[in-house]
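What you are looking at is a predicted structure, and each value in this text was computed from that prediction instead of being measured.
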Amino acid sequence: MADVAGATASPSMGETNDAQKNVFDLGAFVGDLTLEEDPSSDDISLEGLEQELEECKNNDVVANILSKGTKLRDYTKGVENDLRKVELDSIQDYIRESDNLVSLHDQIRDCDSILSQMETLLSGFQAEIGSISSDIKILQEKSMDMSLRLKNRKVAESKLAKFVEDIIVPPRMVDVLVDGEVNEEYMRTLEILSKKLKFVELDPMVKASKALKDVQPELEKLRQKAVSKVFDFIVQKLYALRKPKTNIQILQQNVLLKYKYVVTFLKEHGKEIYNEVRAAYIDTMNKVLSAHFRAYIQALEKLQLDIATYNDLIGVETRSSGLFTRAREPLKNRSAVFALGDRINILKEIDEPALIPHIAEASSIKYPYELLFRSLQKLLMDTATSEYNFCDDFFGEESIFYEIFSGPFGVIDEHFNSVLPNCYDAIGLMLMIQIIHKHQLIMSRRRIPCLDSYLDKVTISLWPRFKLVFDMHLNSLRNANVRTLWEDDVHPHYVMRRYAEFTASLIHLNAECGDGQLDLNLERLRMAVDDLLIKLAKNFPKPKLQTVFLINNYDMTITVLKEAGPEGGKIQMHFEELLKSNTTIFVEELLQEHFNDLIKFVKSKASEDPTSTPDKPITVAEVEPLVKDFASRWKAAIELMHKDVITSFSNFLCGMEILRAALTQLLLYYTRLSDCIKRIVGGSALNKDLVSISSIMYEIRKYSRTF
């Protein structure tokens with residue numbers, strides 16, 4: 001289309017203007033168009049025309065043609081003319097816009113020229129940028145190479161610097177190790193020397209270096225000098241432990257632990273010297289601690305108060321004494337052999353400081369052995385704890401402790417083995433068992449296991465001795481001589497009091513441990529004392545006195561067990577049942593003593609119906625003497641019963657309970673008698689002699705008020 005425009009506008013600019021003024025006549029140029037008839041049109045086949053017309057009946061143009069009857073040829077000619085006209089109009093439009101198209105063509109050509117220049121310029125830029133990128137890549141590779149070299153040189157420098165630092169021996173270090181005193185600076189210098197020695201010994205690359213040949217002899221000389229110097233220093237400190245009155249713990253904590261690196265250095269770089277130091281410390285502490293414990297035990301022995309001897313047994317007669325009985329300190333109360341008393345306080349003061357012998361000796365006070373035993377064990381615990389921690393911290397070896405304490409353990413065992421066979425104090429032995437148990441708990445809380453085996457061994461040795469002494473008490477009851485033990489006194493027997501206090505003490509001490517074997521042994525002891533008590537009671541001529549004797553002893557036993565605490569259990573229940581049954585027996589005996597005829601009548605006939613046996617009915621004459629006798633002396637009889645109870649029973653409360661039970665039983669008997677009289681024919685004649693129930697109740701309440 002551009003070519004057509006160019007051809008039209010090519011003659012001249014003036015001609016172009018004239019052409020724009022004159023309209024181009026396309027009809028004159030083309031002429032009328034005619035359509036010739038096709039001679040072969042008559043041969044056209046009309047097959048399918050009807051179907052096509054049917055399909056096109058909805059087309060508006062076709063419908064219009066068919067309705068008007070227009071010939072197809074004419075209509076076709078009209079359509080072709082219209083198309084020709086539209087084409088000519090379109091050409092005319094292009095001709096009118098030809099100048100604009102020419103201008104557009106020029107602009108496009110200018111743009112194409114400019115874009116061509118830009119393409120050339122950009123191509124140059126692209127070539128230059130490619131060259132710069134290549135240069136940058138080269139520079140980047142050089143930079144990475146330089147960075148790698150720098151890194152390698154820094155690594156090499158650091159390793160070389162460390163190597164030089166680790167291998168050289170500064171003059172100051174030599175001066176300190178050779179001529180300096182052993183102080184904090186010396187310890188720091190010793191650590192530096194240790195690092196250098198380890199560096200030389202452990203690194204294979206160092207061993208192959210030439211620098212080592214120059215430095216190694218100097219390092220070896222310094223090592224030998226340092227080992228020799230610290231050995232002399234530490235041995236001097238160890239000798240200070242042997243001085244009398246030296247506080248070992250303070251010396252260990254404030255002096256030796258400050259220089260514990262000396263031991264570490266010797267262990268790493270002077271094994272033989274370390275073994276000598278170790279052996280010297282073990283020997284020193286073994287002797288020092290053994291001497292301390294031996295002196296402490298000797299001082300404690302002067303404070304010992306012997307509680308019991310071979311003859312201090314439950315079933316042994318108080319007046320008997322062995323020919324070879326060892327002299328002992330007199331006790332204000334001999335029942336302290338069997339009663340726990342204030343001795344229980346030692347378990348509440350289990351963590352109190354140990355006794356200081358010279359202070360205790362100055363006050364002239366003697367102590368039961370269990371208190372001395374606690375002090376000894378407390379001192380052992382505290383000393384062992386301190387030494388165990390020191391050995392672990394200073395030497396780094398727990399095994400040193402056991403080598404050191406072989407001596408003190410031997411001293412304590414020697415003392416214990418001499419005391420234990422002569423100990424007949426069962427309460428003291430049980431207290432010592434409890435002390436060891438509590439000390440085991442203390443050591444467990446401290447997390448110090450060094451005394452576990454020792455404390456177990458002590459416990460194992462205490463139990464058999466306790467069982468032996470306990471069996472001695474048991475056999476003393478089983479083999480007791482009733483004739484020598486019997487006293488013509490219904491009050492509680494001293495053997496029964498011993499038993500009650502002894503049993504109450506052991507029950508109280510066993511409450512925390514709950515040893516089942518001890519419970520069985522206490523049951524055996526109870527059976528033995530039951531048998532002995534019955535044998536003693538049979539020595540009284542009257543059954544009433546036997547019953548009173550049993551009641552007094554049972555009541556005393558129950559009272560002692562209750563005072564000891566709520567742990568009486570089966571043993572206390574057993575004696576309560578015996579007390580109840582014997583009280584019933586005594587009440588009957590007491591009433592029969594004063595109202596025998598009345599009780600016999602009530603038991604034999606009062607429950608019967610007076611008219612049920614017509615052959616032998618109960619008559620007024622049979623009952624009247626009983627009624628008049630009771631009415632005449634019932635108050636006096638009650639007063640006699642009161643005096644009898646007061647004098648018979650050592651426990652006032654128990655006596656009043658028994659009296660009240662007797663009066664209540666008397667009231668029941670008299671009530672039954674009164675009921676029987678009401679059923680007798682003519683019994684109303686005795687009403688004037690009957691004592692009213694309210695009068696008897698008043699008398700009972702009067703004695704209850706005294707209770």
Side-chain angles (χ1 to χ4, degrees), residues 489-493 496 500 530 533-534 537 540 542-563 568 571-607 626-627 629-676 690-707:
D489 186 359
V490 295
H491 291 86
H493 198 277
M496 200 62 186
D530 276 349
L533 196 62
I534 296 297
F540 290 96
K542 297 180 180 180
K544 179 185 173 184
L545 294 177
Q546 296 178 9
T547 306
V548 171
F549 176 74
L550 292 174
I551 289 175
N552 277 326
N553 282 280
Y554 293 149
D555 177 67
M556 179 273 299
T557 303
I558 293 169
T559 302
V560 172
L561 290 175
K562 285 183 177 179
E563 288 175 354
I571 295 178
Q572 182 176 323
M573 291 174 59
H574 170 78
F575 286 109
E576 287 174 349
E577 291 175 1
L578 291 176
L579 176 63
K580 183 178 179 181
S581 62
N582 280 275
T583 299
T584 303
I585 294 172
F586 175 79
V587 166
E588 290 296 325
E589 291 175 346
L590 183 63
L591 292 176
Q592 286 178 3
E593 183 178 340
H594 297 280
F595 304 100
N596 187 36
D597 294 338
L598 185 149
I599 293 172
K600 283 183 179 180
F601 176 81
V602 170
K603 287 185 176 180
S604 61
K605 296 183 179 182
S607 59
L626 297 176
V627 174
D629 178 69
F630 184 84
S632 64
R633 64 182 186 86
W634 71 277
K635 288 187 178 181
I638 290 177
E639 182 62 29
L640 290 174
M641 290 169 58
H642 176 255
K643 291 180 179 180
D644 193 1
V645 167
I646 290 296
T647 57
S648 297
F649 299 104
S650 54
N651 185 349
F652 178 77
L653 297 179
C654 177
M656 289 299 99
E657 285 289 342
I658 293 173
L659 178 61
R660 184 161 56 181
L663 295 177
T664 303
Q665 186 64 32
L666 175 62
L667 180 63
L668 292 175
Y669 282 139
Y670 193 74
T671 302
R672 291 173 63 185
L673 177 64
S674 300
D675 294 340
C676 179
L690 284 174
V691 179
S692 65
I693 300 299
S694 60
S695 298
I696 299 175
M697 288 293 295
Y698 174 78
E699 202 68 20
I700 292 175
R701 284 195 293 270
K702 184 174 70 173
Y703 285 104
S704 296
R705 284 197 293 272
T706 62
F707 167 70

Do Thr583 and Tyr554 pass the side chain to side chain contact (heavy atoms under 4.5 Å, CB included) test, and can you show the C-alpha distance, the side-chain angles, and the key distance before you say yes or no? CA-CA 10 Å; Thr583 299; Tyr554 293 149; over 6 Å; no

Where do Met556 and Met496 come nearest, in terms of heavy atoms and distance? CE-C, 3.5 Å

Minimal heavy-atom distance between Val691 and Trp634, with the atoms involved, is CG2-NE1, 3.6 Å

Strictly under 6.0 Å, is that where the ring centroids of Tyr669 and Phe630 end up? no

I want to check something: taking the side chain as every heavy atom from C-beta on, are Tyr670 and Val602 in contact at a cut-off of under 4.5 Å? no

Rounded to the nearest 0.5 Å, what separates atom NE2 in His642 from atom OG1 in Thr647? 10.0 Å

Taking all heavy atoms of Met641 and all of Leu590, pick out the closest pair and write down the distance. CE-CD2, 3.8 Å

From the options Thr664, Leu663, Ile658, select the one residue that forms a side-chain contact (heavy atoms from CB on, under 4.5 Å) with Arg660. Thr664

Could you grab the distance from atom CD1 of Ile599 to atom OG of Ser604, nearest 0.5 Å is fine? 11.5 Å

Flag side-chain contact, heavy atom, 4.5 Å: Leu550 against Phe586: no

Of the non-hydrogen atoms in His574 and Asp530, which two are nearest, and what is the gap between them? NE2-OD2, 2.7 Å

Side chains of Ile646 and Phe652: does their closest heavy-atom pair fall under 4.5 Å? yes

Atom pair CG/CG of Leu673 and Leu668 - distance to nearest 0.5 Å: 12.5 Å

Write down the atom of Pro492, the atom of Asn552, and the distance for their closest heavy-atom approach. CG-O, 3.6 Å

Heavy-atom donor-acceptor pair, Asn582 side chain to Gln546 backbone, under 3.5 Å: no

Under 6.0 Å from the six-membered ring centre of Phe601 and within 45° of its axis: does the NZ or CZ of Arg672 meet both? no

Can you list the steps and then say if Leu666 with Ile638 is a side chain to side chain contact (heavy atoms under 4.5 Å, CB included)? CA-CA 10 Å; Leu666 175 62; Ile638 290 177; 4.3 Å; yes

May I ask you to check whether Phe549 and Phe540 place their ring centres under 6.0 Å from each other? yes

How far apart are the closest heavy atoms of His491 and Ser648, and which atoms are they? NE2-O, 4.5 Å

Within this structure, what is the CG-CD distance for the pair Asp555 and Glu576, rounded to the nearest 0.5 Å? 10.5 Å

Between the main-chain N or O of Leu626 and the side-chain N or O of Asp597, is there a donor-acceptor pair closer than 3.5 Å? no

State, with a plain yes or no, whether a side-chain heavy atom of Asp644 is found less than 4.5 Å away from one of Glu593. yes

First locate atom OG1 of Thr547, then atom CD of Glu589, and finally report the distance between them rounded to the nearest 0.5 Å. 4.0 Å

Roughly how far, to the nearest 0.5 Å, is the CD atom of Glu657 from the CG atom of Leu653? 8.0 Å

